Structure formats: C-alpha cells, structure tokens
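All values reported here derive from a predicted model rather than from experimental measurement.
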Amino acid sequence: MTVITRPAPPPVVEEAAEGAVGKRKSRHDALLQVTGQALYGVDMKAPGMLWAKAVRSPYPHARIVRIDPTRALSIPGVACVITARDIPHNRYGFTHQDQRVLADDRVRYVGEAVAVVAAETLRVATEAAKEVVVEYEPLPAVFDPIEAMQPGAPQVHEGGNIAARLHIRDGDVERGFSEAEIIVEEEFRTPFVEHCHLEPHAALAIPGPQGTLTIYSSVQRPFLVASDVAKVLSMPLSHVRVVATSVGGGFGGKNEMTLEPWVGLLALRTGRPVKMVFTREEEFQATTVRHPYRMRYRTGVRRDGTLVARSVEIISDCGAYVSWGASTLAKACIHAAGPYVIPHVKIEGFLVYTNNPVGGAMRGFGVPQVGFAYECHTDSVAAAVGMDPITFRLRNGLRDGCRLPTGQVLERVTLHQTLQRALELAGWERGAVP
C-alpha cells in the first residue's frame, strides 16, 4: 500500500467573524506555501511510479486511418500504450457529450491526444510517444466562427457547426428603436486567453485493492472530475477517489477532467502508480482557453440621454468541443445588456464549433467579454448625445426594484453609491465630455 504524507498544517488561530469585511485575514495554507511545504500536483510521487506521455495530433482536422504502437511497445521500459479503443465510454462533457477522452475516428484541433504511453521514466515515455505511428488523412478545417456558420463550411461535428443558440427578449426592441432619436452601432472582438497558471496540469493515479483508484490531481473540482472519470472508465463512483492537491493556479483552467482518465486507466492496466505532467507547450496547445467573442451592439437613445433599446449579438468560438461553452454563453447573454435600465432588449447568442483550441471555464465566465463591450459601447452612446460618461451612467444605472431582461427583480443595488464613491476617490471632474 502506498501512503503519501502531507506536512501537518500549522495551528490555526480563529479570528472573530465580526467586522471581517475590509479586514486582513490569514490564509490557512499560507505558512505551508511560503515555507515550501505545500504539496502540489507536480510534487506527488509513489514507489514504482511510471510516467505517462501523450501522442498529439499535428493536424487541426484529420481522419485517423490507423494507430500502430508496435515500435513504441518494443522500447525497453515501455509498459503500456492506450488509444480510444481502450476507453470504455469515450464521451464526456458538461452539457454536450461531444468530447473524446482520446480521439477516435478523427482529430479536431492541433494537439488533440490520440494515444498515451506509460514508461519507467519520463525520458523513455517521451521518446516512445514519438514512435507511435499514426496515419492521418487531412480534412478541410475552419478557424473563423463566422465562416463556420456559413453553408458549405467544413463540418467539425455532424449536425452543423452551431452547437447552441440562446435568446433573451424583453419588450419590443423594434418599437424601441423607432422611438430612439439616436442609434449607435458597434462591433467588438475579444481574443483567446490562456490561463497561464504557474503549475501545469499534473496528476498521479494509484491503483488500489478490488479495482479501486485514487488520483491525486491539481484540479479545482475533484468531485466533478471523479464523476467523469468513473463514467468514462465504466467504474462505480465509489471506486474512484480524486484528491485535490494544492493548486498552483487554476482560474477555471483546472475546472474539468483532462489527464486524469489517462493516468487512471494506465494505472489499472499496469497495476502501478502512473504520473503525468503537461509541458508548457501542452498547456497552450491542449488545455481550455477563454472563449473569443464577436459582439455586435446596437443601442437606441433619446437626446436627453435616456436609453430606450439595445440589441446584442454574441458569436462565441467554442473550438472543437463545447466543454463549458454553453454555460459560459448563457451567463454572457444574461449580462450582455449591462447594468442599465433599458425598456426594450433583444439578445442572441451563438456557440460555434471551429477547429481551434477548446474554450472552457475562465474567471468571469463570459462576463469579461461582454463587460468590455457594453462599457466601451456605453461610452460611445454617451458621446453621441454629448453627455459626460459618468452622468450618463448615473442617469441610466440600475436601482433597487429594477427588473432585468431575464425577469429578475433586483434588491439592494449599490451601483450609484459605488460609482459616486469611486468618483470621489479618483478625483473625477464631472461635466465635461472627455
């Protein structure tokens, strides 16, 4: 039996909850971190441990003709090679079961894994991964979500490239625009963003008695990952334990399953612990990113600065698989009109497949993209009516009892108080258009 020990945490001095807001609070793991005692995913090890390395596609879109691991298996020190054929249930995903643990019939983005090698050392595993023969038949690829939505575009998945479509309607937006005296239209774009956490994805799987499996992983949602691992490996959930190590940065990028099923299956196949750590190149190639958005804003306003209508179209590039894309787009649509009173609102969101890296969870979950757009656009609308941008926001900002386009009625809205206080602290001189 393998036992991995963790240093005993320092004694915690409980601090009074009263007056906690605005007070400095000590992190319970701060001393372990600053003294180097915290155990991260990359630190985990066990006796007899094997190392794993993935074989990844050099093509953004290609049919897999054959995979031959013979040469890799003949290398001394190589213990096992797994492909999609070895995955009991090769589908997973948060809302759409479209993602593969290992690519089966085809690859859909550069860096998608098609096989994983386990060997005695990382060097041997790395060399053996190069010897796995994969024959591809390249297919047409699409990298722009607008192009992907057009008839005749290369199909990333059967059934079309629009993975999801969302609508929010409140009032009559066409009537609102007919009542507007000024209409402002703009388009905004946001790019891919990689999380760039200091610690790469890392996991160690240890097989236990009676087919049980323990996985130590640098992961943010251990119970979600355990559920997914159990499903794809066709194991009882009670047989899978995922232990979250100290996480050297996540920001949503370690929100879902990545390398855990690979090391888990290899550990079960070999009967030995298996460890895997992504390289920095793999982090950029094969982990999730913030979704790039294209956003079209059209706003109608009266000359006195009163907002009357706003329409928003959001096109989200989800990459090769949906992952958290539908959930992220839903949150973006909910917030897309901004924190303003607008009687007539129309919001449409499209989640589109491309052969780009997979979009996933990242801090803000779709709201940073629309927040950037609606605040830049609000500045433009304020300028169009000749108003100071702060005065314009104070005129149109949400207050207690306001109703959002989704139907939610707000309580205790502090937008105006917060904005006024920020103005005081910043020394903003109101009245003049910047």
Side-chain angles (χ1 to χ4, degrees), residues 50-75 78-93 97-119 122 124-141 143 154-158 200-201 203 205 228-229 232-233 256-270 274-279 281-289 319-323 353-358 360:
L50 297 169
W51 284 86
K53 189 70 177 178
V55 180
R56 300 187 180 276
S57 167
Y59 296 98
H61 199 198
R63 185 170 290 108
I64 300 174
V65 179
R66 71 184 182 99
I67 302 175
D68 184 358
T70 305
R71 288 200 317 224
L73 288 168
S74 69
I75 296 174
V78 173
C80 188
V81 178
I82 58 171
T83 66
R85 294 181 180 180
D86 300 298
I87 309 298
H89 183 78
N90 196 27
R91 292 289 187 280
Y92 72 100
Q97 298 292 303
D98 62 349
Q99 200 157 350
R100 277 66 169 166
V101 178
L102 289 170
D104 43 24
D105 59 333
R106 53 179 164 151
V107 293
R108 292 175 170 86
Y109 65 95
V110 171
E112 185 167 10
V114 300
V116 184
V117 178
L122 178 58
V124 173
T126 301
E127 291 303 314
K130 298 174 184 177
E131 297 302 318
V132 175
V133 176
V134 186
E135 184 179 339
Y136 297 97
E137 178 188 328
L139 298 171
F143 305 102
Q155 298 294 290
V156 182
H157 294 270
E158 293 180 4
H201 285 73
D228 282 344
V229 169
V232 300
L233 298 185
E256 59 191 293
M257 183 174 71
T258 49
L259 69 179
E260 292 83 9
W262 303 341
V263 293
L265 182 57
L266 288 167
L268 293 173
R269 287 289 179 90
T270 62
V274 179
K275 181 176 180 177
M276 188 174 197
V277 179
F278 281 0
T279 64
E281 182 180 27
E282 287 177 305
E283 287 291 330
F284 277 87
Q285 265 196 342
T287 65
T288 58
V289 294
Y321 300 105
V322 167
S323 180
Y353 286 123
T354 66
N355 295 110
N356 289 321
V358 180

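Atom CZ of R85 is separated from atom CG of N90 by 12.5 Å, given to the nearest 0.5 angstrom. To the nearest 0.5 Å, the span separating NE2 on H89 from CZ on R91 amounts to 8.0 Å. Remark: S57 OG to Q285 CD distance equals 9.0 Å, nearest 0.5 Å. The OG1 atom of T279 sits 10.5 Å away from atom CZ of F284, with the distance rounded to the nearest 0.5 Å. Between the OG1 atom of T83 and the CZ atom of R66 there is a distance of 13.0 Å, given to the nearest 0.5 Å. Rounding to the nearest 0.5 Å gives a distance of 11.0 Å between CG of L259 and NZ of K275.
Shortest non-hydrogen contact noted between A52 and M276 is O-CG, 3.6 Å. Nearest heavy atom pair, residue T270 against residue C80, reads CG2-CB, 3.8 Å. Between I67 and V114, the closest heavy-atom pair is CD1-O, 3.8 Å. Taking each heavy atom of A119 and V124 in turn, the nearest pair found is CB-CG1, 3.6 Å. Between A128 and I75, the shortest heavy-atom contact is CA-CD1, 3.7 Å. Annotation for V277 and P200: closest pair CG1-CG, 3.7 Å, computed over non-hydrogen atoms.
Within a 6.0 Å sphere centred on OH of Y59, other residues, nucleotides and ligands contribute 12 heavy atoms or fewer. Heavy-atom contacts from other residues, nucleotides or ligands closer than 6.0 Å to CD of E281 number 12 or fewer.
Y109 has its ring centre no less than 6.0 Å from the ring centre of H61.
Y353 and D98 share a side-chain donor-acceptor pair at under 3.5 Å. If you check the side chains of E112 and Y321, you find a donor sitting under 3.5 Å from an acceptor. Side-chain contact check for E256 and S323: at least one donor-acceptor pair (N or O, by modelled atom type) lies under 3.5 Å.
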From CA spacing to verdict: side chain to side chain contact (heavy atoms under 4.5 Å, CB included), V65, Y136:
CA-CA 5 Å; V65 179; Y136 297 97; 6.0 Å; no
The test is side chain to side chain contact (heavy atoms under 4.5 Å, CB included); show your working for D104 and I64 and say whether it passes.
CA-CA 7 Å; D104 43 24; I64 300 174; over 6 Å; no
Run the side chain to side chain contact (heavy atoms under 4.5 Å, CB included) test on M257 and V232 for me, step by step, so that the C-alpha distance in whole Å, both residues' side-chain angles and the decisive distance to 0.1 Å come before the verdict.
CA-CA 11 Å; M257 183 174 71; V232 300; 4.1 Å; yes
Could you walk me through whether V81 and V116 satisfy the side chain to side chain contact (heavy atoms under 4.5 Å, CB included) test, starting with their C-alpha distance in whole Å, then the side-chain angles of each, then the deciding distance to 0.1 Å, before giving a yes or no?
CA-CA 6 Å; V81 178; V116 184; over 6 Å; no
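Within the 4.5 Å cutoff, no side-chain heavy atoms of E131 are placed close to those of T70. With contacts defined as side-chain heavy-atom distances shorter than 4.5 Å, the pair R63/L139 qualifies. No side-chain heavy atom of V322 sits under 4.5 Å from any side-chain heavy atom of Q99.
Panel note: side chain R56, backbone G111; a donor-acceptor pair is recorded below 3.5 Å. No side-chain donor-acceptor contact under 3.5 Å links D68 to the backbone of V133. The closest donor-acceptor contact from the side chain of R108 to the backbone of V156 lies under 3.5 Å. Looking at W262, its side chain never comes within 3.5 Å of a backbone N or O of L102 through a donor-acceptor pair.
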